[in-house]
Participant: 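The structure's right below; bear with me while I get my questions together.
Convention: sequence-line order gives letters A, B, ...; per-chain numbering from 1.
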2 protein chains.
Amino acid sequence: MTTIKDIAKAAGVSITTVSRALNGYSDVNEKTRQKIIEIAKQLNYSPNTLARGLVMNKSKTIGLLVSGLTRESAKDNFTFEVLAGVNQYVSEVDYDMVLFSTTSTKQREKTYTQLCRERRVDGAILQGIRVDDPYLQEVVESDIPCVLIDIPIKSETVGYVTTDNVLGAKKAAQHLLALGHRHIAMVNGYEYAFVSEQRFKGFREALLEAGIFLNEQWVVNGAFQEEKAEREALRLLQQHPEITAFFCASDLMALGVMKAAKKLGKRIPEEIAVIGYDDIILASYATPPLSTIAQNKFAMGYEAAKLLIEMLEGKAHSHVKILETELKIRESTVKNQ
Amino acid sequence: MTTIKDIAKAAGVSITTVSRALNGYSDVNEKTRQKIIEIAKQLNYSPNTLARGLVMNKSKTIGLLVSGLTRESAKDNFTFEVLAGVNQYVSEVDYDMVLFSTTSTKQREKTYTQLCRERRVDGAILQGIRVDDPYLQEVVESDIPCVLIDIPIKSETVGYVTTDNVLGAKKAAQHLLALGHRHIAMVNGYEYAFVSEQRFKGFREALLEAGIFLNEQWVVNGAFQEEKAEREALRLLQQHPEITAFFCASDLMALGVMKAAKKLGKRIPEEIAVIGYDDIILASYATPPLSTIAQNKFAMGYEAAKLLIEMLEGKAHSHVKILETELKIRESTVKNQ
DNA sequence: GTGAAAGCGCTAACAT
DNA sequence: ATGTTAGCGCTTTCAC
């Protein structure tokens, strides 16, 4: 493989000149530069980023740390879209992305921090990592610049991007309220998940502002799982037939709730209205199509990458980026829209 | 960041010894090794893979080249599952994966080959690249070890993994035939796509063997797009009302065909049976759930990575891996299964 | 069993 | 405008 040394020899100049010419420095004769570029092309030269990274002490690589990169996670296409967004920005600014996942059987024989340090990534984006992940703390406290998705931690080297979950949930609840629903249940995610907490807050606010009593018994956790949500909804519907609407903290859970309603022979949306959160692909293909609060997952990835690289280059104004959500009204809440 | 030099100093040995100790060479005193390992731990040492890669001339990194890593491609979760499979194997054998995509706006200012050479990836897996992609040829002809997904090219440095598309299509057609269908249409992908060609072949064989006349007019191309397939199916159903079943070369197209049938008020599967190909997530969530030929996309990625790394380490028996498919019977072909 | 020295390909002072 | 030199962190002969 050609090196700048080969080029230098062929051009009859020193390797320094070649380096400078190829890197667009101004202090090199334009004629020499042209000649060098020409020869580089002829010799089919590709710079060795390993060598460059070694000497410059940065790799122009960012790590994307995700957990649960399984077949299962294809259902909610969250991880994938975030990844696509990250990749998009990263390639626009000529960085590369290496993927670290912790699903594997080797199950974290190395910590996130080690992974990052060994590869000498300049920074990392963390997605789908649970707040109680023991290694999250470690990487956040390390000196590796990080951007977290949906985890609100901020420091000198750490930023995050999230959506306005309080407002999103509020919009969902207000939509149901506007449709006349007064007996609204909520299927939330985990107790300790940041987004769950926020979405519950928004839900509560909406009810409060509408002067509706919030029945705590009607708020259950579905662990973001379709089956669990289905079971919980089934129970709820049987015990409390007065419920007419569900707000779910994820679309996958909303699909589970719809299944439960169908099992009980309840028509959607006439007898039970259901609204989800996320706008996964399945939402618009469900029967009936699922109303939801759409998060722009691609944009989340894109903005995370943008924020991280701005941080790396010292031009980040803020370390926090909050994106908007959008209410998508489909037939699971309104007939014949 | 700690280097082996620091460790050497702390341990009072040479850097050579540190290197050997840490890399498990046998010719180092067990006591020295323990001491060195201890110190390395204390100093929170991480090996610099850039430096190592530079001197060893291999990076323990493979590139995953995909095209069309867009929001759109989330629908058919093909890319994502392949990626997950690749990632799984790669992390099992302590390699890393860097993702190169060519969706970006910078639209291939660099060729695949350049991307790979600059990062000094040891090899590459190519997925979703079209056979007529101008840069495919280049990378295949380069000296970079490659494994292609669903493109049958084989050489000293190139291998591929695919599924048995002829057999898969045959199984689909035979399923329809067994149900009594005699007027079967096919919605294929592109004219020049390898898999399309194979799937058509299998379809034709099944009909031939059953002694059924293959009406070429009933075979159309849907470009693997839902909308295009819908339009084509609509036209076909209007012009040839005798058609009772569709075999589609992708699930996404099958969903389009189902839409067309519904538009014409035809009941599925009673009046029109539809079977797809791929088994994307949407298939099982469609109404009615879509029968299909399932490809194990995760396994394709996993096997591709395995093949590539075996090739890199000179222990690949064959450069070709053909996976099996599975007929999944759902309600789009059979009621009340 | 251990160390000295060379070198991977590149950038960056520091000359000239 | 160009060249000389040192060095990034590591592995690997080759001595001892």
Participant: Please report the distance, rounded to the nearest Å, between CZ in R117(B) and P in dG9(C).
Facilitator: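 Going from CZ in R117(B) over to P in dG9(C) covers 13 Å.
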Participant: Contact between I37(B) and L22(B) at the side-chain level, heavy atoms closer than 4.5 Å - yes or no?
Facilitator: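 A side-chain contact exists here, since the closest heavy-atom pair is under 4.5 Å.
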Participant: With side chains defined as the heavy atoms from C-beta onward, is the minimum distance between D150(A) and Y160(A) less than 4.5 Å?
Facilitator: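 Heavy-atom side-chain distance check fails, nothing below 4.5 Å.
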Participant: Distance criterion of 3.5 Å, no angle test: do you see the side chain of R120(B) paired donor-to-acceptor with the base of dG9(C)?
Facilitator: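 There is none.
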Participant: Could you state the atom-to-atom distance from CG of N23(A) to P of dA12(C) in whole Å?
Facilitator: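 Between P of dA12(C) and CG of N23(A): 8 Å.
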Participant: Please report, rounded to the nearest Å, how far the C1' atom of dC8(D) is from the CE atom of M1(B).
Facilitator: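 In whole Å, dC8(D) C1' and M1(B) CE are 14 Å from each other.
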Participant: Please determine if E38(B) and K35(B) form a salt bridge, counting it only when a charged side-chain N lies under 4.0 Å from a carboxylate O.
Facilitator: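 Looking at K35(B) together with E38(B), the answer is no, because their closest N to O distance does not fall below 4.0 Å.
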Participant: Quick one: is dT2(D) close enough that its OP1 or OP2 comes under 4.0 Å of any side-chain N or O from Y25(A)?
Facilitator: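 For Y25(A), the contact criterion (side-chain N or O under 4.0 Å from OP1 or OP2 of dT2(D)) is not met.
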Participant: What is the distance from CG of L50(A) to C1' of dC10(C), rounded to the nearest Å?
Facilitator: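 Going from CG in L50(A) over to C1' in dC10(C) covers 11 Å.
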Participant: Please check this pair: side chain of S67(A) against backbone of G128(A), looking for a donor-acceptor N/O pair closer than 3.5 Å.
Facilitator: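 Yes; at least one donor-acceptor contact below 3.5 Å.
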Participant: So D27(B), base contact, sugar-phosphate only, or nothing? Heavy-atom distance under 4.0 Å.
Facilitator: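 The residue D27(B) makes base contact.
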Participant: Could you say whether N48(B) or R33(A) is positioned toward the 5' end of DNA chain D, judged by the nucleotide with the nearest heavy atom to each?
Facilitator: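 Nearest nucleotide further toward 5': that of R33(A).
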Participant: Where along residues 51-61 of chain A does a heavy atom come under 4.0 Å from DNA chain D, residue by residue in number order?
Facilitator: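 Per residue number, the list reads L54(A), V55(A).
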Participant: Does dG9(C) have OP1 or OP2 sitting under 4.0 Å from an N or O in the side chain of T3(A)?
Facilitator: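 Answer no for this pair, as no side-chain N or O of T3(A) is under 4.0 Å from OP1 or OP2.
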Participant: Rounded to whole Å, how long is the line connecting atom CD of E118(B) with atom C1' of dC10(C)?
Facilitator: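 One finds 14 Å between C1' of dC10(C) and CD of E118(B), rounded.
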Participant: Check for a donor-acceptor pair, side chain of S19(B) on one end and backbone N or O of I15(B) on the other, with a separation under 3.5 Å.
Facilitator: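 Not confirmed, S19(B) side chain does not pair with I15(B) backbone.
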Participant: R20(A) CZ to dA13(C) C1': how many Å, rounded?
Facilitator: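 After rounding, the reported distance stands at 10 Å.
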Participant: For I4(A) and dG7(C), give me the distance from atom CD1 to atom P, rounded to whole Å.
Facilitator: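 Nearest whole value for this atom pair: 16 Å.
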Participant: The side chain of T17(B) lies closest to which of these nucleotides: dC10(C), dT11(D), dT2(C)?
Facilitator: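 Looking only at side-chain atoms, T17(B) lies closest to dT2(C).
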Participant: Take atom CG of L22(A) and atom C1' of dC10(C), then tell me their distance rounded to the nearest Å.
Facilitator: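 Rounding to the nearest Å, CG of L22(A) and C1' of dC10(C) are 11 Å apart.
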Participant: Any side-chain to backbone donor/acceptor pair from R117(A) onto M1(B)? Under 3.5 Å, distance only.
Facilitator: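 Such a contact is absent between R117(A) side chain and M1(B) backbone.
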Participant: Does a side-chain heavy-atom distance below 4.5 Å link L308(B) with Y89(B)?
Facilitator: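 L308(B) does not reach Y89(B) side chain to side chain.
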Participant: When only distance counts, do a donor and an acceptor, one from the side chain of T16(B) and one from the base of dA4(C), lie under 3.5 Å apart?
Facilitator: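 When only heavy-atom distances are counted, T16(B) does reach the base of dA4(C) through a donor-acceptor pair under 3.5 Å.
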Participant: Less than 4.0 angstrom between a side-chain N/O of S19(A) and OP1 or OP2 of dT11(C), yes or no?
Facilitator: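 For dT11(C), OP1/OP2 do have a side-chain N/O of S19(A) under 4.0 Å.
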Participant: Let's see if you can work this out: which of dT11(C), dG9(C), dT2(D) has an atom nearest to the side-chain heavy atoms of I15(A)?
Facilitator: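 Of the candidates, dT11(C) comes closest.
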